[in-house]
Amino acid sequence: MKERKLKQAYILNFIIFGLLCLAIFLMLIDFDFATFSPGVQRGAAFYFKYFTTLSNVFAGLVSLVLGVFQLSAYKDKIAEVPSYIKIIKLASTTGVTLTMLTTMLYLAPLSEMGYFYLFKNCNFFLHFFIPLLSIISFTVFESNAKIKFIHTVTAVLPVLIYGIFYMGNIIIHLDNGKVVAKYDLYAFLKGGFNTIYIVVPMLFLITWIFAALLWKLNLRKKD
């Protein structure tokens, strides 16, 4: 049973990394499945300012590294997968969970192009499929036996780091104390700059709750 789960785990993690590569390629060429053709290329800098992109890249790279460790353990080249990479996997899975649920529950309902617009083309992978597979990978095929509850706090770090740059960029571009919409990429402060004191703590709390739920939902208790 252990060997089968380990094999399923590394295969799924390699699939996640492969889908990330595909999604990034489709994103960079602005590929449209409806016309089956590329669109206007806007450059990597345009896309990599979004948490969506960064959280998926983080999750994909962590899946690759974890997959290598799992493959090594499957082939008995190492005794077990190191605990630290499991903790990092919790953080990366939390990040894409936040991406998926923020899109589904907040951004998509507000989209002027319709709810499913944010799930078209490469966004199908970045907003839904990769996060979903990451959640399945972590909660079904990977063990939390070496991950303590306190480690759920570390899952907030990627959001904290991104938040520093995100909010910092908004602050340095304030226009007479007002938020400039183009710098508030996710419209978190559309209610005014003073809402930052509510929005930021809420984002951190929600992120931690997601991490705690993922930790709890893990179905395996032993390596």
Side-chain angles (χ1 to χ4, degrees), residues 5-34 36-74 81-82 84-104 107-108 116-142 154-162 165-166 185-186 207 210-211 214 217-218:
K5 284 278 190 179
L6 203 54
K7 184 176 182 179
Q8 292 170 332
Y10 76 70
I11 288 174
L12 184 52
N13 275 311
F14 288 152
I15 289 174
I16 291 171
F17 177 72
L19 290 174
L20 169 70
C21 294
L22 173 62
I24 295 299
F25 173 73
L26 295 174
M27 179 185 71
L28 293 176
I29 67 171
D30 195 26
F31 190 82
D32 188 342
F33 282 104
F36 211 72
S37 63
V40 178
Q41 286 82 55
R42 288 178 281 190
F46 174 82
Y47 299 104
F48 279 84
K49 63 186 177 184
Y50 292 99
F51 185 78
T52 291
T53 307
L54 296 173
S55 63
N56 273 271
V57 169
F58 183 37
L61 292 177
V62 171
S63 292
L64 173 63
V65 174
L66 179 56
V68 171
F69 277 117
Q70 290 168 335
L71 177 59
S72 297
Y74 178 75
V81 176
Y84 70 84
I85 191 64
K86 298 178 182 180
I87 296 171
I88 297 174
K89 180 63 183 288
L90 171 60
S92 68
T93 305
T94 301
V96 288
T97 300
L98 181 65
T99 289
M100 182 177 73
L101 293 181
T102 299
T103 303
M104 294 176 67
L107 298 175
F116 291 102
Y117 179 77
L118 294 181
F119 298 97
K120 291 176 58 178
N121 304 322
C122 68
N123 282 329
F124 170 75
F125 298 101
L126 299 176
H127 285 157
F128 178 71
F129 201 45
I130 292 174
L132 179 63
L133 291 182
S134 297
I135 293 170
I136 293 172
S137 172
F138 183 81
T139 59
V140 178
F141 298 109
E142 294 158 16
T154 64
V156 181
L157 289 178
V159 176
L160 173 62
I161 295 171
Y162 182 80
F165 288 96
Y166 184 94
L185 304 176
Y186 293 104
T207 302
F210 288 162
L214 288 169
L217 286 172
N218 189 292

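What you are looking at is a predicted structure, and each value in this text was computed from that prediction instead of being measured. Side chains are part of it too, since the values below use all heavy atoms of this structure and drop only hydrogens, waters and symmetry mates.
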Supply the atom-to-atom distance [X] [atom1] to [Y] [atom2], rounded to the nearest 0.5 angstrom.
{"X": "D30", "Y": "R42", "atom1": "CG", "atom2": "CZ", "result": "5.5 Å"}
{"X": "S137", "Y": "L66", "atom1": "OG", "atom2": "CG", "result": "6.5 Å"}
{"X": "Q8", "Y": "I15", "atom1": "CD", "atom2": "CD1", "result": "11.0 Å"}
{"X": "F116", "Y": "N123", "atom1": "CZ", "atom2": "CG", "result": "14.0 Å"}
{"X": "M27", "Y": "F125", "atom1": "CE", "atom2": "CZ", "result": "13.0 Å"}
{"X": "E142", "Y": "L6", "atom1": "CD", "atom2": "CG", "result": "9.5 Å"}

Under 3.5 Å: donor-acceptor pair, side chain of D32, backbone of N121
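Pair absent, no side-chain N/O of D32 close to backbone of N121.
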
Just wondering, do [Y] and [X] contact through their side chains at under 4.5 Å, heavy atoms?
{"X": "T103", "Y": "F119", "value": "yes"}
{"X": "L126", "Y": "Y47", "value": "no"}
{"X": "T97", "Y": "P131", "value": "no"}
{"X": "Y186", "Y": "T52", "value": "yes"}

Single hit among L22, T99, L19, I135 for side-chain contact (heavy atoms from CB on, under 4.5 Å) with I130:
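The passing option is L19.
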
Closest non-hydrogen atom pair between [X] and [Y], with its separation:
{"X": "I88", "Y": "V62", "value": "CG2-CG2, 3.6 Å"}
{"X": "A59", "Y": "S92", "value": "CA-CB, 3.7 Å"}
{"X": "L61", "Y": "L20", "value": "N-CD2, 4.2 Å"}
{"X": "P82", "Y": "F69", "value": "CD-CD2, 3.6 Å"}
{"X": "L26", "Y": "C122", "value": "CB-CB, 4.0 Å"}
{"X": "I16", "Y": "S63", "value": "CG2-OG, 3.6 Å"}

Set out, in order, the CA-CA distance, both residues' side-chain angles and the distance that settles side-chain contact (heavy atoms from CB on, under 4.5 Å) for L160 and L157, then state yes or no.
CA-CA 5 Å; L160 173 62; L157 289 178; 4.2 Å; yes

One pair to check against side-chain contact (heavy atoms from CB on, under 4.5 Å): T94 and L214. What are the steps and the verdict?
CA-CA 7 Å; T94 301; L214 288 169; 3.6 Å; yes

Between K5 and V140, is a side-chain contact (heavy atoms from CB on, under 4.5 Å) present by the stated rule, with each step listed?
CA-CA 9 Å; K5 284 278 190 179; V140 178; 4.1 Å; yes

Under the side-chain contact (heavy atoms from CB on, under 4.5 Å) rule, what do T102 and F51 come out as? Steps first, then yes or no, please.
CA-CA 11 Å; T102 299; F51 185 78; over 6 Å; no

Apply the test side chain to side chain donor-acceptor pair (under 3.5 Å) to residues K89 and S134: give CA-CA distance (whole Å), side-chain angles for both, the deciding distance (0.1 Å), then the verdict.
CA-CA 9 Å; K89 180 63 183 288; S134 297; 5.9 Å; no

Do F33 and F31 make the cut of ring centroids closer than 6.0 angstrom?
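F33 vs F31: aromatic centres under 6.0 Å.
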
Please work out whether the ring planes of F46 and Y50 are parallel, tilted or perpendicular, with thresholds of 30° and 60°.
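Because their plane-to-plane angle is over 60°, the rings of F46 and Y50 count as perpendicular.
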
If the plane angle is over 60° it's perpendicular, under 30° parallel, otherwise tilted; pick one for Y162 and Y166.
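Ring orientation, 0 to 90° scale: tilted.
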
I'd like to know if the side chain of N13 pairs up with that of Q70 as donor and acceptor (distance under 3.5 Å, no hydrogens or angles considered).
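Yes, side-chain donor-acceptor contact under 3.5 Å.
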
